[in-house]
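Computation of the quantities below employed the complete heavy-atom set of this structure, encompassing side-chain atoms and omitting hydrogens, waters and symmetry-equivalent molecules. Each chain gets a letter, A, B and so on, in the order the sequences are listed, and its residues count up from 1.
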Protein chains: 2
Amino acid sequence: MKDFIKLCKALSDETRLRILNILLERECCVCEVMQALDISQTRASRNLTVLYEAGFLRRRKDGLWSLYSIDRDGMNEYLADLVQVVDKALQGNKRLEQDRERLRKAVRIGPSCAEKMRREKTNA
Amino acid sequence: MKDFIKLCKALSDETRLRILNILLERECCVCEVMQALDISQTRASRNLTVLYEAGFLRRRKDGLWSLYSIDRDGMNEYLADLVQVVDKALQGNKRLEQDRERLRKAVRIGPSCAEKMRREKTNA
DNA sequence: TCCTTATATTTAAATATCTGCATATATTTT
DNA sequence: AAAATATATGCAGATATTTAAATATAAGGA
């Protein structure tokens, strides 16, 4: 039951649902998540970790980058069902479409550069 | 997305999962929930309300009693799927079996009587 | 080895959640 | 109408969650 609660808590947050939404598209590094959702490095990293520890994500290292993806194969029991439900529940949301749109333009430029771009855009 | 988060939050609590577990057996009034889970009236009522407002439950009045049940028919979209997943995830839990066992012995005696019985049992 | 850089983590403050106690509300009975 | 009773709710304290800012860690390159 504890594990199931952990899963539900992981899903009880808008930022994390937005992250799952873009990871349903493709594997991402932290700074791509930052760009797609337009959020800070801390926030991206922390929430990715929560999803990872709940069991939703796979993490692999590529040099300096941490790459996260939805761990469809490593999922046990009800976990895959849960992802299915999430996928269905998130259909047709405007904000999530916007995130996916930004994901298409995202690049592996690193968080410092991404943060700078973000600041410039905000001030513009 | 807000609604979906509300659902997930409703599921992110042990007391509420225990409540769903017994409601999967049958419709209950508040004081039966108290007896089955061995919890206070406030706690039972509060958590039933959370589940109700999230959309999991149906509520009907019978005199003084509020009767709650899982609203399988009134459920839309992914809600039924979610209950399915919950049901699967809760299988084989010792504590939940214990709750169901106590539910079998529970009666509609009202919270004040239930609370008294509870206090006596604790002091015994 | 030192520097740069992508990510993780610690800390602190703001906010949300959960529970018990006391009380309010609503329905039935007298 | 008053009393009894099942449930709901306002409030306060304890605990948990979320975030940004600063700092730590770890990998690659000069």
Close residues, residues 50-69 of chain B, relative to DNA chain D [heavy-atom separation under 4.0 Å]
B/Arg59, B/Leu64, B/Trp65, B/Ser66, B/Tyr68
Can you measure from CG (A/Leu17) to SG (B/Cys8) and round to the nearest 0.5 angstrom?
6.5 Å
Closest to the A/Cys31 side chain, choosing from D/dA8, C/dT19, C/dT7
C/dT7
Taking the basic N atoms (NZ, or NE/NH1/NH2) and the acidic carboxylate oxygens, is any pair closer than 4.0 Å for B/Lys6 and B/Asp3?
no
So, is A/Asn47 near the phosphate of D/dT19, with a side-chain N or O under 4.0 Å from OP1 or OP2?
yes
Between NZ of A/Lys6 and P of D/dA16 the distance, given in whole Å, is 15 Å
Minimum heavy-atom distance between A/Ile5 and B/Asp13, given as atom pair plus value
CD1-C, 4.0 Å
Could you tell me if the side chain of A/Leu103 sits less than 4.5 Å from the side chain of A/Gln35, heavy atoms only?
no
When you measure from the side chain of A/Asp13, which nucleotide among D/dT7, C/dT9, D/dT19 comes out closest?
D/dT19
Short side-chain N/O contact from A/Ser45 to OP1 or OP2 of C/dT7, under 4.0 Å
no
Hey, is the side chain of A/Gln41 pairing donor to acceptor with the base of C/dA8 inside 3.5 Å?
yes
The ring-ring contact (aromatic ring centres under 6.0 Å, His included) partners of A/Phe4 (sequence neighbours excluded) come to A/Tyr78
May I ask you to decide whether B/Arg26 forms a salt bridge with B/Glu32, counting only side-chain N to carboxylate O separations under 4.0 Å?
yes
Check: residues 83-97 of chain A side-chain donor-acceptor pairs under 3.5 Å, at least two apart:
| from | atom 1 | to | atom 2 | distance (Å) |
| --- | --- | --- | --- | --- |
| A/Asp87 | OD1 | A/Gln91 | NE2 | 3.3 |
| A/Lys88 | NZ | B/Asp81 | OD2 | 2.6 |
| A/Gln91 | NE2 | A/Asp87 | O | 3.2 |
| A/Asn93 | OD1 | A/Arg95 | N | 2.8 |
| A/Asn93 | OD1 | A/Leu96 | N | 3.1 |
| A/Arg95 | NH1 | A/Glu14 | OE2 | 3.0 |

Output a table of donor-acceptor pairs, distance under 3.5 Å, between side-chain atoms of residues 44-51 of chain A and any protein atom two or more places apart or on a different chain; print 'none' if there are none.
| from | atom 1 | to | atom 2 | distance (Å) |
| --- | --- | --- | --- | --- |
| A/Asn47 | OD1 | A/Arg16 | NH1 | 2.8 |
| A/Asn47 | ND2 | A/Arg43 | O | 2.9 |
| A/Thr49 | OG1 | A/Ser45 | O | 2.9 |

Does D/dA20 have OP1 or OP2 sitting under 4.0 Å from an N or O in the side chain of A/Ser40?
yes
Which of residues 14-27 of chain A sit near DNA chain C, with a heavy atom under 4.0 Å from it?
none
I need the CZ-C1' distance between B/Arg46 and C/dG20, as an integer number of Å.
9 Å
Could you state the CZ-P distance from B/Arg43 to C/dC21, rounded to the nearest angstrom?
12 Å
Between D/dT17 (P) and A/Leu11 (CG): distance, integer Å
15 Å
Considering only C/dA8, D/dT7, D/dT18, which nucleotide approaches the side chain of B/Cys29 most closely?
D/dT7
Rounding to a whole Å, what distance do you find between A/Lys9:NZ and C/dA16:P?
16 Å
Could you pull out all residues at least two apart from A/Ser69 that satisfy side-chain contact (heavy atoms from CB on, under 4.5 Å)?
A/Glu27, A/Arg58
